Amino acid sequence: MIEYRIERRSGVPTYQQIVRQTEQALRLGLLRPGDKLPTAREVVEATAVNPNTVLKAYRELERSGLVEPRPGLGTFVLRTLGMGETDSELRAELVRWTARARQAGLEQEDVIALVTSVVEREFADGAAESGADARAQKARTT
């Protein structure tokens with residue numbers, strides 16, 4: 001089950017933090033179709049946020065087609081955002097890389113800034129096409 005962490009000083013509205021953390025859990029495979037999200041009451045008890053904030057986040061997830069409320073039962077995941085098996089190999093590679101960055105003396109914010117700059121450059125218009133070509137080639141070879 002997902003456990004939400006609310007960063008009150010982040011400047012990001014609380015409902016958006018809940019939406020983002022749910023989407024991240026869907027991308028990482030921590031939540032799968034059919035899983036039940038914690039009830040609004042459970043989230044309120046764990047995070048001390050307003051119940052309406054949790055409901056607003058869940059409505060946003062519902063509008064995105066990611067979850068479905070079932071009256072009397074709870075809110076359930078409809079679909080995932082992850083890519084499946086390849087995630088674990090890439091994750092392991094990223095864990096090794098992050099450990100090397102930490103050993104090199106980089107702080108968490110340094111690593112985030114570095115990764116963000118590389119991701120933004122890689123997914124810029126021209127680079128995104130080369131990434132799609134690489135994925136298509138990999139799919140043909142497997």
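All values reported here derive from a predicted model rather than from experimental measurement.
Under a 4.0 Å N-O distance rule, the pair Glu68/Arg70 qualifies as a salt bridge. Salt-bridge annotation for Glu23 and Arg20: absent, with no side-chain N of the basic residue lying under 4.0 Å from a carboxylate O of the acidic one.
A donor-acceptor pair is defined here as one N or O able to donate and one able to accept, closer than 3.5 Å; such a pair exists between the side chain of Lys36 and the backbone of Leu73. For the pair Glu45 (side chain) and Glu42 (backbone), a donor-acceptor distance under 3.5 Å is absent. Side chain of Glu60 to main chain of Val19: no donor-acceptor pair is present (N/O by atom type, distance under 3.5 Å, no hydrogens or angles). Side chain of Thr80 to main chain of Leu26: a donor-acceptor pair is present (N/O by atom type, distance under 3.5 Å, no hydrogens or angles).
Side-chain contact check for Thr53 versus Lys56: every heavy-atom pair is 4.5 Å or farther apart. A 4.5 Å side-chain heavy-atom check between Trp97 and Val111 finds at least one atom pair inside the cut-off. The shortest distance between side-chain heavy atoms of Leu66 and Val77 does not fall below 4.5 Å. Here the side chains of Pro33 and Leu78 are not in contact, with every heavy-atom distance at 4.5 Å or above. The closest side-chain heavy-atom distance from Val49 to Arg8 is below 4.5 Å. No side-chain heavy atom of Pro51 sits under 4.5 Å from any side-chain heavy atom of Arg41. A heavy-atom distance below 4.5 Å is found between the side chains of Val67 and Leu37. Between Glu120 and Thr116, the closest side-chain pair of non-hydrogen atoms falls below 4.5 Å.
For Glu62, there are no salt bridge (charged side-chain N to carboxylate O under 4.0 Å, His left out) partners at least two apart in sequence or on another chain. Considering only residues two or more places apart in sequence or on other chains, Arg96 meets the salt bridge (charged side-chain N to carboxylate O under 4.0 Å, His left out) condition with none of them.
In this model, no donor atom of one side chain and acceptor atom of the other lie less than 3.5 Å apart for Thr22 and Tyr58.
Looking at every heavy atom in both residues, Arg5 comes nearest to Gln21 through O-NE2, 2.5 Å. Pairing each heavy atom of Pro38 with each of Tyr4, the nearest pair is CG-CE1, 3.8 Å.
Residues Met1 and Ile6 do not share a hydrophobic cluster, clusters being chains of Ile/Leu/Val/Met/Phe/Trp/Tyr side chains in contact below 4.5 Å. With hydrophobic clusters built from ILVMFWY side chains whose heavy atoms lie under 4.5 angstrom apart, Val119 shares a cluster with Leu114. Leu55 and Val43 end up in different hydrophobic clusters when Ile, Leu, Val, Met, Phe, Trp and Tyr side chains are linked at under 4.5 Å. A continuous path of hydrophobic side-chain contacts links Val115 to Leu106 [ILVMFWY only; heavy atoms under 4.5 Å]. Under the 4.5 Å side-chain heavy-atom criterion for Ile, Leu, Val, Met, Phe, Trp and Tyr, Leu31 and Leu81 are members of the same hydrophobic cluster.
For Arg79, the CZ atom is densely surrounded, since the number of other residues' heavy atoms within 6.0 Å is greater than 12.
Note that the CD atom of Glu89 and the CG atom of Leu94 stand 12.5 Å from one another [nearest 0.5 Å]. To the nearest 0.5 Å, atom CG of residue Asp110 and atom CZ of residue Arg102 are 12.5 Å apart.
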